[in-house]
Amino acid sequence: MSEKMKIVFLDRKTAGPIELKEKFSKYGEYIEYEDTDENLLEERIKDVEVIITNRIRLRKGNFEKAPKLKLILVTATGYNHIDIKAANEIGIIVANVSDYSTDSVTQLTFTFLLNEFTPVSYYNDEVKKNNWGNYKIPEYQLYPVNDVDGKVMGIVGYGNIGKKVEEIAKIFGMKTMIAKIPGRKYEIESNRYELDEVLEKCDVLSLHAPLTDLTRGLINLERMKKMKKSSIIINLARGPIINEEDLYYALKNKIIKSAAIDVMSIEPPKENSKLFELDNILITPHIGWKSEKSMNKLIDIVENNLKLFLENRLSGIQE
């Protein structure tokens, strides 16, 4: 490591308004870019020892162009955009951040869920169209109000967020079923159900699993056909866990009732995505982790990861 190491934040805009220069300049020469296109990546990392990034794709070819690179600090829990194996093979440590956004992601999960059962966004639109109290209009039949009490929530992914979601769901009087991810081995199975059973019984399917070879495309048309026609899918995990073509078909053909997602397979999505045509899907731009509290905690942990690295005590990826 050089006496004055070079640190670059490749997509600083993902960290919001938090002041970073003072924080990271203590450790070396700190440079930040609002964002980094692929054609600029090689030039920006060629002589750096530390990369900070939220979502920039980094592959083996990139590492070969950055001979001084020793550490990648991911300002997120997910790290599927980085070739971890290639990095480790050439001695680059990759460190993510876990358990910083549990509360904010859980909060958005229930914002989605409660809006699905009490569709305030639709009723707000009706009131602003001067339809207050006109209960005979068709929209009031299209937007029924239901209780969450007694409904079954299936949860895929039972880490910190999945456990918090289960805790809050029970407070609302919901029954919960924790799904096994097919192909994964479980030491303790007493509180887990086969995925197919969860799909058949749940009223709400809430996704909180990491993106892996086992979860990519996990929720496809075949599996959505096992669900109730009145069921809802919520995804605050990773976009590719759901096959989006299949989701479009299932929503358009009323195979399931609706979906609410904070993530998509490609972010930002392609313009005029077919999902945008549908009235029975709610989409937000990956905001679940971005509360002020979560963002401050995230950056504090990233800084601590850097300190641990300098002390030769950084363990790397946290699940």
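Because only heavy atoms are used, hydrogens play no part in the values below, and waters and symmetry mates are left out as well, while side chains stay in.
Between the side chain of D37 and the main chain of L40, no donor-acceptor pair closer than 3.5 Å is present. A donor-acceptor pair under 3.5 Å links the side-chain atoms of N115 to the main chain of V120, judged by distance alone. In this structure, Y186 contributes its side chain and I181 its backbone to a donor-acceptor pair below 3.5 Å.
Ion pairing between R55 and D35 holds under the 4.0 Å rule for side-chain N and carboxylate O. Remark: E38 does not engage R57 in a salt bridge, criterion side-chain N to carboxylate O under 4.0 Å.
Here L236 contributes atom CG and H286 contributes atom NE2; the two are 8.0 Å apart, rounded to the nearest 0.5 Å. Atom NZ of K274 and atom NZ of K252 lie 9.0 Å apart (nearest 0.5 Å).
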Exercise. Could you go through the side-chain contact (heavy atoms from CB on, under 4.5 Å) check for E116 and S258 one step at a time?
Key: CA-CA 8 Å; E116 290 293 325; S258 60; 2.6 Å; yes
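A donor-acceptor contact closer than 3.5 angstrom is absent between the side chains of S101 and S294.
Proximity of I155 to M177: side-chain heavy atoms (C-beta onward) are nowhere separated by under 4.5 Å. Put simply, the side chain of F24 reaches to within 4.5 Å of the side chain of L306, judged on heavy atoms. Within the 4.5 Å cutoff, the side chain of E89 has no heavy atoms near those of the F63 side chain.
The environment of N124 atom CG is dense: over 12 non-hydrogen atoms of other residues, nucleotides or ligands sit within 6.0 angstrom.
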